A.B. asks: 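Mind having a look at this structure? Questions to follow.
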Amino acid sequence: MVGDLDNQSQLEIAHVLFMDIVGYSKLRIDVQSSCLQKLNQLVRGTEQFRAAEAADKLVRLPTGDGMALAFFSSPDAPVRCALEIGKALRNHPDLPLRMGINSGPVDAISDVNDRSNVAGAGINMAQRVMDCGDAGHILLSQRVADDLAQYSQWETHLYDLGEFEVKHGAKVAVVNFYTDDAGNSELPEKLKRTRQEHAEIESRGVIARRRKRMLMGALLLAFTAAIGLLWTYLHEPRTTLSAAQREKSIAILPFKPLLPEGSDQVLEMGMADTLITKLGNAGEIIVPSLTSVRQYAGVDQDPLVAGRKLGVNSVLAGNVQKSGDRLRVTVRLIRVADGSSLWAATFDEKFTDVFTVQDTIAQKVAGALALRLTINNQQRLTKRYTENVAAYQLYLTGRYHWSKLTPPDIAKSIAFFQQAIELDPTYPLAYSGLADAYARRGITGELPSRDAFPQAKAAATAALEIDESLAEPHATLALIHMWFDWDWKAAESEGKRAVELNPNSGIARLAYAHVLSNLGRNDEAIAQAARARELDPVSLPINAREGAVLSYARRYPEARDRLQKTLELDPNFWLAHMFLGDVDVQEGKYSEALAELDKAKEFSRGNSQAVSMIGCVFVRAGNAVAARAVLTELNSASAQHYIPSSNIAALYLALGEAEEAIAHLERAYEERDARLSFLKIDPKWDALRADPRFLSMQQRVGLE
């Protein structure tokens, strides 16, 4: 085929590998010759070169300081050849080679020696792509990357670098390709300089527009920063995240109203929630959850103080205002260390263009943080889970209520998620929100398990049928398999899958830690729970559950320390009070336990597990009369609304009535009571561990 190129008049598509030796012109003449000879030997020694040449599917073009290879076989031939060359270069550090790959049109020509050769845009573009890199880089044009991204063997090695400006002001979209054995994972110096220049230009523009305000703000900022640093040093927990991991961390704060009288909390919280989802699902970055950042929603909150408390490197702070069908958004990306602006922008669009605004913000943030995203993750960064603006608004309202974590608000969120699904039955995030809401109502005992968990499971499954790559529904399914199905293999599998999809998700790691803890695999559970907290250090559910995991592992001093730190974040968080009360019980501190459990009862608005635990403490403290009164209270309440039978069983056991305890545990089994998933680890059942009936129940629940 190649031999006949000169007889053809039409263009053909060539898959081009262009390479040159970096710094070639600065080398001595004899060194230049030696380097070229070595390069020729390496290239000729590759399988791809030999196979294409033997099949007459290759044209070679010498370029003085390197060469171009035009393959007329498969689109991945130049990539495979580059991989072979890259691996060989590991043994030749004295040969600083860079490579560029493009697929494009070429035309037949006759060179000065009257030999058949090729030229054209396909080769020119390969050279321009190569010129963007440094020694060791294997860079691809967007066209080549799009083709390779369709195949799993290549997709995980593609990292989008954005656009470069090349000759004549043209812009080229470039993708970095590297593996453990070949390529260069570092950002090209040209891209680093370009991003730095853009950031400086944007920063100067912001300063010019707001010079007077910034002067006063800088003085206030310096004072606040000093106080914030001191507070952080004295109070913040230390984490084990590396500096490199922490560098790629960002808190997206709830947006604030441009005018106080125009506040729309659902929209303000929703803009943050959407961007948290986009950037969190894109990988390569740590993004605290909405439940963590919502406490910084006040108009007087300082983003730098919030960033330090959240343990992140940068903060995205913004303002939003909706007026009629118009939306105005201003955003600023701030480096926490010094308060400098990394990027800022203003958008004034129709509200129907809200998705475009969010996509742009997500892309600009990724660029400013120099994220190296795979093609798949780059696509997830701008993925739209719905195009229906009304469904999106209903979803935001549902998430707004859900994130408050109170029983009435969780109940409200369900209606909004359902309405969003009615408007867009293909909206996976709405299904995921619905699954979370029903699952929470099931585990807190607000609804019977059989009313809550099947609905949660159906919603989570529907979300994953639409988009299997979402980590959150996998995490929710892990909990449902544990709490309701008692399918421990499936629970562990879903927990692992959630972490695999988003290793920087504190919620995913928390779900996996919960499963491991209930299985009695304490060391693994503690490690996962600690990691979850490091990723999302002010999340109340994560901090409280880590305390519970430590408590169930019988590491009471550590559990107490973690739970007390949780209550420093929010003194009214009822779960932390309940778990801390349990630690007090195990350490024989009954008056302290009663105080904590009374708070748990109050702040949860009468959660039956907290009430049951109060009765159990009365028994241990020698007040059986008070314990009987609590038992009567629970039995009476069960005639009015659902009370998990395991909570009544625990109080009967504390009173020494093992037969009644077993009978109520059997009733709990019939109810599919989620609390039976704790049978193996909860010390309240220790008195029954030798009873064959209890052992039988453990086996039926899958906890042998």
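Quick caveat, the model's predicted, so the values are computed rather than measured.
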A.B. asks: Indicate the atoms forming the closest heavy-atom contact of Pro473 with Ser432, along with that distance.
C.D. replies: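 In terms of heavy atoms, the two residues are closest at CG-OG, 3.6 Å.
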A.B. asks: Minimum heavy-atom separation for Ala439 to Thr476, with atom names?
C.D. replies: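 Nearest heavy atoms, Ala439 then Thr476: CB-CG2, 4.2 Å.
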A.B. asks: Does this structure show an ion pair linking Asp485 with Lys457, if we count only N-O contacts that are shorter than 4.0 Å?
C.D. replies: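 The answer is yes: the pair qualifies as a salt bridge.
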A.B. asks: Looking at Ala272 and Pro254, what are the two nearest heavy atoms and their distance?
C.D. replies: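 Looking at all heavy atoms of both residues, the closest pair is CB-CA, 3.8 Å.
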A.B. asks: Can you confirm if the NZ or CZ of Arg605 lies within 45° of the ring axis of Trp574 and under 6.0 Å from the centre of its six-membered ring?
C.D. replies: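 Relative to the ring axis of Trp574, which defines the angle, Arg605 lies outside at least one limit.
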A.B. asks: To the nearest 0.5 angstrom, please state how far the CD1 atom of Ile614 sits from the CZ atom of Phe618.
C.D. replies: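 The distance works out to 7.0 Å.
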A.B. asks: I'd like to check the side chain to side chain contact (heavy atoms under 4.5 Å, CB included) partners of Ile421; sequence neighbours left out, ordered by chain and number.
C.D. replies: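 Listed in chain order: Ala430, Tyr431, Leu434.
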A.B. asks: Is the side chain of Asp467 donor-acceptor paired with the backbone N or O of Pro428 at a distance under 3.5 Å, no angle test?
C.D. replies: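 Answer holds: no.
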A.B. asks: Considering only residues two or more places apart or on different chains, which pairs with a residue in residues 537-556 satisfy ring-ring contact (aromatic ring centres under 6.0 Å, His included)?
C.D. replies: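 Matches after skipping sequence neighbours: Tyr552-Phe678.
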A.B. asks: Using the ring of Phe453 (Phe, Tyr or Trp, six-membered ring only), decide whether Arg672 places NZ or CZ under 6.0 Å from its centre and within 45 degrees of its axis.
C.D. replies: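 Relative to the ring axis of Phe453, which defines the angle, Arg672 lies outside at least one limit.
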A.B. asks: Check whether Gln698 reaches the backbone of Leu703 with its side chain - one donor and one acceptor, N or O, closer than 3.5 Å.
C.D. replies: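 Yes; at least one donor-acceptor contact below 3.5 Å.
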A.B. asks: Rounded to the nearest 0.5 Å, what separation is found between the OG1 atom of Thr386 and the CD1 atom of Ile466?
C.D. replies: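 If I round to the nearest 0.5 Å, the distance is 10.0 Å.
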A.B. asks: Taking atom CG of Leu510 and atom OG of Ser517, what is their separation to the nearest 0.5 Å?
C.D. replies: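 It is 10.5 Å, given to the nearest 0.5 Å.
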A.B. asks: Do the ring planes of His514 and Trp483 sit parallel (below 30°), tilted (30 to 60°) or perpendicular (above 60°)?
C.D. replies: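 His514 vs Trp483 ring planes: perpendicular.
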A.B. asks: Could you pull out the closest heavy-atom pair between Thr566 and Phe573, with the gap in Å?
C.D. replies: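 Between these two residues, the closest heavy atoms are CG2-CD2, 4.2 Å.
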A.B. asks: Run the side-chain donor-acceptor check on residues 649-659: report pairs under 3.5 Å with partners two or more places apart or on a different chain.
C.D. replies:
unit_1: Glu657; atom_1: OE2; unit_2: Arg628; atom_2: NH1; d: 2.6
unit_1: Glu657; atom_1: OE2; unit_2: Arg628; atom_2: NH2; d: 2.5
unit_1: Glu659; atom_1: OE1; unit_2: Arg693; atom_2: NH1; d: 2.8
unit_1: Glu659; atom_1: OE2; unit_2: Arg693; atom_2: NH1; d: 3.3
unit_1: Glu659; atom_1: OE2; unit_2: Arg693; atom_2: NH2; d: 3.1

A.B. asks: Determine which pairs satisfy salt bridge (Lys or Arg N to Asp or Glu O under 4.0 Å) with at least one residue from residues 508-519, sequence neighbours left out, and list them in order.
C.D. replies: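 Every candidate salt bridge (Lys or Arg N to Asp or Glu O under 4.0 Å) pair involving residues 508-519 fails, so no pair, neighbours aside, qualifies.
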A.B. asks: In Å, rounded to the nearest 0.5 Å, how long is the span from CD of Glu472 to CG of Leu464?
C.D. replies: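 One finds 10.0 Å between CD of Glu472 and CG of Leu464.
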A.B. asks: Keeping to residues at least two apart or across chains, list the salt bridge (Lys or Arg N to Asp or Glu O under 4.0 Å) pairs with something in residues 400-418.
C.D. replies: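 Applying salt bridge (Lys or Arg N to Asp or Glu O under 4.0 Å) to every pair that reaches into residues 400-418, excluding sequence neighbours, yields nothing.
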A.B. asks: Going by side chain to side chain donor-acceptor pair (under 3.5 Å), name the residues that satisfy it together with Ser604, two or more places apart in sequence or in a different chain.
C.D. replies: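 None.
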A.B. asks: Could you walk me through whether Thr397 and Gln419 satisfy the side-chain contact (heavy atoms from CB on, under 4.5 Å) test, starting with their C-alpha distance in whole Å, then the side-chain angles of each, then the deciding distance to 0.1 Å, before giving a yes or no?
C.D. replies: CA-CA 11 Å; Thr397 307; Gln419 291 176 59; over 6 Å; no
A.B. asks: Roughly how far, to the nearest 0.5 Å, is CG of Leu679 from CD of Gln699?
C.D. replies: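 Rounded to the nearest 0.5 Å, the CD-CG separation comes to 12.0 Å.
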A.B. asks: Under the side chain to side chain donor-acceptor pair (under 3.5 Å) test against His577, which residue among Glu596, Lys601, Glu602 passes?
C.D. replies: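 Exactly one pass, corresponding to Glu596.
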A.B. asks: Of all the heavy-atom pairs spanning Val617 and Leu597, show the shortest one and how long it is.
C.D. replies: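 It is CG2-CD1, 3.7 Å.
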A.B. asks: Has the side chain of Asn543 got a donor or acceptor atom that lies under 3.5 Å from a matching backbone atom of Pro537?
C.D. replies: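 A pair under 3.5 Å: yes.
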A.B. asks: State, without any angle test, whether Tyr392 and Thr274 hold a side-chain donor-acceptor pair at a distance under 3.5 Å.
C.D. replies: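 On atom types as modelled, these side chains qualify, holding a pair under 3.5 Å.
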A.B. asks: Quick one: pull up CD1 in Ile480 and CH2 in Trp486 and give me the separation to the nearest 0.5 Å.
C.D. replies: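 Rounded to the nearest 0.5 Å, the CD1-CH2 separation comes out at 14.5 Å.
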A.B. asks: Checking salt bridge (charged side-chain N to carboxylate O under 4.0 Å, His left out) for the pair Glu492/Arg521: CA distance, chi angles, key distance, verdict?
C.D. replies: CA-CA 12 Å; Glu492 184 174 359; Arg521 289 159 58 180; 3.0 Å; yes
A.B. asks: Which heavy atom in Asn607 sits nearest to a heavy atom in Gln609, and how many Å separate them?
C.D. replies: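 Taking Asn607 first and Gln609 second, the nearest heavy atoms are OD1-N, 2.9 Å.
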